[in-house]
Number of protein chains: 2
Amino acid sequence: MGNLADRIEEYLKRILEQTSEGYIMLQRSELAGVFSCVPSQINYVLDTRFTVERGYLVESRRGGGGYLRIVRLELGLEGQYQQVMRQLIGEQLSRDRLNGLMERLVNEELVTLREAALIKSILSGDALSGEFRDWDVLRARLMKNILTTLSREDL
Amino acid sequence: MGNLADRIEEYLKRILEQTSEGYIMLQRSELAGVFSCVPSQINYVLDTRFTVERGYLVESRRGGGGYLRIVRLELGLEGQYQQVMRQLIGEQLSRDRLNGLMERLVNEELVTLREAALIKSILSGDALSGEFRDWDVLRARLMKNILTTLSREDL
DNA sequence: AAGTAGAAGGTCAGGAAAGGTCAATAAATG
DNA sequence: CATTTATTGACCTTTCCTGACCTTCTACTT
């Protein structure tokens, strides 16, 4: 584990643990400076190590005063939210199964009633019937996205 | 958020909150003086941060005794906000305008941070790029749908 | 009333300051 | 030796900042 990418990874995870906000902000070029490497190396580390699957979310902004923001997802809830849900959702998600899922999420108090109504209003697709190739596949993808968002530690 | 534009934005929002009239009046060159920048920088900030989507209106007058006037638009609590929003959204809704709208809804405390993140995660379309014919049109339709849902009394 | 000088604010193009992408190469691994 | 993983550098996009030049308004002069 002595290579550059691994060291940058460790470094980021260490300061990420020390913070209480659930996220850190930094500048790509600055970090590259610390490790004396090209800036794009940072992207490599972020792309390979700080993925959603591993429990992280990365946001950024370009231009003057730009930044990178690495958000940690709640590992505690990840069991409930992500692993279980992902398996449950699979590649496709029918309207009925969506409703079942939402009910369960509300019962377990992982989402509020309002949030549930919101999600259903979008994913039930009344407003959009006929727009998509395969609505069930889309619904599954969106639902995973939603769960990932809801497990952000900074919300 | 250390860059100039962000600082000017904060400054303006702060004095805008402290006033009771709902608007502020100031001179472009004077403000530019406060931040030691060129006057056109002020226009940049106004154009990018104080848009209608975000709930602001900017009026101005040239010539001797000219001024800038920034008006904060409140969304009436009476559910008329839906109409306002519908008009604002129109037939198409770009990502940038969506973000502006969401910021406003959060500011007005009509949606929570979580709800905002949720909506953005779906409508920003990262997960679905290439799926749709016209994503801006879709985004507008979905957003209207969402607002309708959120204005339900029983949630 | 007409003209004009000065005092605002407006526009736009260009450059600088971030971060992003991709393909070529090098290193490690099996 | 083959394949995956890491590293680099050239080039791109987005966001910000500045300065030159333009338009509008007021006030004053004639």
Side-chain angles (χ1 to χ4, degrees), chain A residues 1-13 16 23-54 56-71, chain B residues 1-13 23-54 56-71 94-100 103 120 124-127 129-130 135-136:
Chain A
M1 299 292 171
N3 71 32
L4 184 51
D6 288 336
R7 278 186 287 124
I8 296 175
E9 176 188 7
E10 271 179 53
Y11 173 79
L12 289 175
K13 288 190 172 164
L16 201 43
Y23 68 89
I24 55 173
M25 286 237 256
L26 45 96
Q27 300 212 216
R28 188 181 75 152
S29 54
E30 205 176 283
L31 183 58
V34 172
F35 287 92
S36 310
C37 64
V38 293
S40 58
Q41 177 71 3
I42 307 301
N43 293 90
Y44 177 73
V45 174
L46 293 177
D47 288 347
T48 55
R49 268 86 164 168
F50 291 83
T51 63
V52 173
E53 290 78 24
R54 298 188 188 208
Y56 300 93
L57 220 76
V58 179
E59 296 167 339
S60 68
R61 186 163 188 177
R62 305 186 185 192
Y67 58 82
L68 292 174
R69 185 158 178 257
I70 307 177
V71 183
Chain B
M1 297 298 178
N3 70 35
L4 184 52
D6 287 338
R7 279 186 285 123
I8 296 175
E9 176 188 7
E10 271 180 54
Y11 174 79
L12 289 175
K13 288 190 172 165
Y23 69 88
I24 54 175
M25 286 237 254
L26 45 95
Q27 301 212 218
R28 190 181 73 151
S29 54
E30 204 177 286
L31 183 57
V34 173
F35 286 93
S36 310
C37 64
V38 295
S40 58
Q41 177 71 4
I42 307 301
N43 294 89
Y44 177 72
V45 173
L46 294 177
D47 288 347
T48 54
R49 268 82 163 172
F50 291 83
T51 63
V52 178
E53 286 83 18
R54 296 183 191 224
Y56 300 93
L57 212 73
V58 179
E59 298 165 342
S60 68
R61 184 152 205 158
R62 305 186 186 192
Y67 59 84
L68 291 176
R69 185 161 178 252
I70 307 177
V71 184
S94 71
R95 224 132 102 167
D96 279 354
R97 285 181 58 228
L98 168 70
N99 286 331
E103 188 182 298
K120 281 196 279 191
S124 63
D126 288 339
S129 40
W135 189 224
D136 279 0

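A note on names: the letters A, B, ... follow the listed sequences, proteins ahead of strands, and every chain is numbered from 1.
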Atom-to-atom span, CG of Asp96(B) to C1' of dT15(D) - whole angstrom: 11 Å
Touch class at under 4.0 angstrom, heavy-atom based, for Ile42(B) against every strand present: nothing
Touch class at under 4.0 angstrom, heavy-atom based, for Ser29(B) against every strand present: sugar-phosphate
Interatomic distance, Arg54(B) atom CZ to Thr48(B) atom OG1 [nearest 0.5 angstrom]: 7.5 Å
Distance test, side-chain N/O of Tyr44(B) to OP1/OP2 of dC16(D), below 4.0 Å: yes
Ile70(B) CD1 - dG9(C) P separation (whole Å): 12 Å
Length of the CZ-C1' vector between Arg49(B) and dC16(D), whole Å: 8 Å
Pair of N/O donor and acceptor under 3.5 Å linking dG20(C) base with Arg28(A) side chain: yes
Selection from dC17(D), dG10(C), dT8(D) that lies nearest to any side-chain heavy atom of Leu68(B): dG10(C)
Heavy-atom closest contact (Met25(B) atom, Tyr67(B) atom, distance): SD-CD1, 3.6 Å
Side-chain heavy-atom pair Leu12(A), Leu31(A) within 4.5 angstrom cut-off: yes
Between dC16(D) (C1') and Glu9(B) (CD): distance, integer Å: 13 Å
N/O (side chain, Gln27(A)) to phosphate O (OP1/OP2, dA18(C)) under 4.0 Å: yes
Distance test, side-chain N/O of Ser40(B) to OP1/OP2 of dC17(D), below 4.0 Å: no
Donor-acceptor contact below 3.5 Å, side chain Arg95(B) vs main chain Ser124(B): yes
Sugar-phosphate only, base, or nothing, as touched by Asn3(A) at under 4.0 Å among non-hydrogen atoms: sugar-phosphate
Protein-nucleotide distance (Asn43(B), atom CG; dT18(D), atom P), rounded to Å: 13 Å
N or O in side chain of Arg62(B) less than 4.0 angstrom from dT11(C) OP1/OP2: no
Sugar-phosphate, base or nothing in reach of Arg69(A), heavy atoms under 4.0 Å: nothing
Sugar-phosphate, base or nothing in reach of Gly66(A), heavy atoms under 4.0 Å: sugar-phosphate
d(CD, Gln41(A); P, dG19(C)) in whole Å: 15 Å
Euclidean distance, Tyr44(B) OH relative to Ile8(B) CD1, rounded to 0.5 Å: 11.0 Å
Integer-rounded Å distance: dA18(C) P and Leu31(A) CG: 14 Å
side-chain N/O Arg61(B) vs dG10(C) OP1/OP2, d < 4.0 Å: no
Rounded distance in Å - CG (Asp6(A)) to P (dA27(C)): 17 Å
Short side-chain N/O contact from Ser60(A) to OP1 or OP2 of dG20(C), under 4.0 Å: yes
Min side-chain heavy-atom separation Gln41(A)-Phe35(A) under 4.5 Å: no
